[in-house]
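What follows is a structure written as structure tokens; I'll ask about it next.
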2 protein chains.
Amino acid sequence: MADKVGISRSGVALWRQVADQLRGAIDRGEFPPASKLPSEFEIGRQFGVNRHTARAAIAHLASEGLVQTRHGLGTIVTRSGRLSYPIRLRTRLSTGLSDQVASIISRLLGTQEREATPSIAAELGLRPGDSVLELETVSIAADRPISLATHWLDAGRFKGLADAFEATGSMTAAFRKFGIDDYIRRETSVLAEGAGEAELTHLDLPKGSIVLVATGTNTTLDGRVFHLTRTRFAADRIELRIEH
Amino acid sequence: MADKVGISRSGVALWRQVADQLRGAIDRGEFPPASKLPSEFEIGRQFGVNRHTARAAIAHLASEGLVQTRHGLGTIVTRSGRLSYPIRLRTRLSTGLSDQVASIISRLLGTQEREATPSIAAELGLRPGDSVLELETVSIAADRPISLATHWLDAGRFKGLADAFEATGSMTAAFRKFGIDDYIRRETSVLAEGAGEAELTHLDLPKGSIVLVATGTNTTLDGRVFHLTRTRFAADRIELRIEH
DNA sequence: TACAGTTGTCTAGATAAACAGACAAGTGAC
DNA sequence: GTCACTTGTCTGTTTATCTAGACAACTGTA
């Protein structure tokens, strides 16, 4: 064959499907922290796979730090899943997660000025061909990278924003240096997809991982859009909580 | 080996990773409808895989109806991606999608009464052990299933809701028969995970697919929670748009 | 100590995925 | 028609995944 992809050929290894299901179950609280997972044999039976396949799934969860296996004893759930990231009218990274995790830091990966694409120009209220500032940042919570974000802003207005961000480690703080003391999230789009090269690298993900992609539009209080952001979250480390 | 899962072993086939990346690119507008994809050879080169692997990825997208290959000509993008489902203070399925698709219908898959789990009882303001009504529904837009939802409500108050839903095909309409003319979405959580057995079946997905899981809390106008819902969307058919 | 139940490790074979190369066949431009 | 470029189809080979069975090693309990 070597060709032709039918519906039977899923393209996702069995052990990974089992691991993903187990992670979901742990996440939903079906296996709370400190509880025991069923035995390898039993998990294999439940999912209709060989014990060795179930074993590979468990090994994967162990490598994520979600469970711990103990020879002769069984597998114990060590922590339960995802951080919960609030998306609201005032969406701020550090304040949103500060009660769930000890440390959150953001780093600047790179910055450049480029000509605005038509869609970005339209959203930012610029003329096509105007210059936009593009920042690439990564956020790390409790020593694990959780999100990779691209930011777009009017290059003329926000000259030096990258330095301000690097100095403060916060977009909100950097905006303040440009006279924006408050801003509002007008809209956020969320989708899920397979991780690309950049996400694999900067979020330290294994190939084939899922990312949640949140595209946000921020406005000043007068309703003018000044900031577009496209944030990719490691799907197995976070959930988004929308508050109205 | 047959054991041990390292970072090199991703558990997701290469052709699927390529297909997912291409789908994302099409979705972001990098390949608009009617445009041509690069050749199989070129795609293989770009992703560092064999032409046959690239070919399998394209065949997969073709089976999804996203592209069409023509012998001697190339591969053409036939439609671009996802529906956009708005999540807002008043989140309603049919009104949210009606401008994007001709027909939306919802069907009842099943219903049962069961004892409330502690967490569901707490959210609905019931006593642990009280009886909750559980509905399972599927929604189909333009002949493709897009979401599978589980609903939880107070069984005492909403006796007969299943019939009302079946008669109207709408939760909003069914609620009206119970004196709820208006209701508000208080909170929504969004995460992404691998599809489980039920999702594969009812959303007609190939194994290993990704689902977006939105868990919502609806209240009456006086702020009392009366309805919990857990909706699973096929991630490659929809994005969620949060409006504040 | 004996035991049931668990994880750890090995061997072996079957199936699927991926790579590599070759050539046929369709298409549009010249 | 010729040409460059494309997809379609074939033959292999190599590597990864999954299954199967066996037995060792560890743990808590009787």
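Every chain is numbered from 1 and lettered A, B, ... according to where its sequence line falls, protein lines coming before strand lines. In this text the structure is predicted, and so the values were computed from the model without any measurement.
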Open item on the list: Tell me whether the side-chain N/O atoms of Arg55(A) come closer than 4.0 Å to OP1 or OP2 in dG8(C).
Closed with: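 Indeed, a polar side-chain atom of Arg55(A) lies that close.
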
Task: Euclidean distance, atom CG of residue Leu14(A) to atom C1' of dA16(D) [Å, nearest integer] - done: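 My rounded result for the distance is 13 Å.
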
Task: Check: dG21(D) base within 3.5 Å donor-acceptor of His52(A) side chain - done: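 Donor-acceptor pair under 3.5 Å: yes.
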
Open item on the list: Side chain of Arg51(A), heavy atoms from C-beta onward: which of dT9(D), dT7(C), dC18(D) has the nearest atom to it?
Closed with: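 Of all the options, the side chain of Arg51(A) is nearest to dT7(C).
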
TODO: Evaluate the criterion side-chain hydrogen bond (donor to acceptor under 3.5 Å, both in side chains) for residue pair Ser39(B) and Arg51(B); output intermediate values, then yes/no.
DONE: CA-CA 9 Å; Ser39(B) 73; Arg51(B) 184 196 146 206; over 6 Å; no

TODO: Provide, to the nearest angstrom, the distance between the NZ atom belonging to Lys36(A) and the P atom belonging to dG5(C).
DONE: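 Distance, rounded to whole Å: 11 Å.
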
TODO: Specify the residues of residues 64-76 of chain A, ordered by number, for which at least one heavy atom lies under 4.0 angstrom from an atom of DNA chain D.
DONE: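 Residues of residues 64-76 of chain A under 4.0 Å from DNA chain D: His71(A), Gly72(A), Leu73(A).
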
TODO: Would you kindly give the CZ-to-P distance between Phe47(B) and dA18(C), to the nearest whole Å?
DONE: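 It is 14 Å, rounded to the nearest whole Å.
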
Open item on the list: Check whether Arg82(B) reaches the backbone of Ala235(B) with its side chain - one donor and one acceptor, N or O, closer than 3.5 Å.
Closed with: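 Yes: the side chain of Arg82(B) pairs with the backbone of Ala235(B).
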
TODO: For the pair Gln46(B) (side chain) and Phe41(B) (backbone), establish whether a donor and an acceptor sit closer than 3.5 Å, ignoring hydrogens and angles.
DONE: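 Answer holds: no.
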
Open item on the list: Does dA18(C) have OP1 or OP2 under 4.0 Å away from a side-chain N or O of Asn50(B)?
Closed with: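 Asn50(B) to dA18(C) OP1/OP2: no side-chain N or O under 4.0 Å.
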
Open item on the list: salt bridge (charged side-chain N to carboxylate O under 4.0 Å, His left out) for Arg230(A) and Glu123(A)? Distances and angles first, verdict last.
Closed with: CA-CA 13 Å; Arg230(A) 183 168 179 277; Glu123(A) 294 223 62; over 6 Å; no

TODO: Take atom CD of Gln68(B) as the centre, draw a 6.0 Å sphere, and report whether it contains more than 12 heavy atoms from other residues, nucleotides or ligands.
DONE: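 Result for CD/Gln68(B): open.
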
Open item on the list: Can you list, in residue-number order, the parts of residues 192-200 of chain A that come under 4.0 Å of DNA chain D, counting heavy atoms only?
Closed with: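 Listed by number, there are none.
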
TODO: When you get a sec, tell me which of dT7(D), dT19(D), dT7(C) is the closest nucleotide to the side chain of Val49(A)?
DONE: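 When the side chain of Val49(A) is considered, dT19(D) is the closest of dT7(D), dT19(D), dT7(C).
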
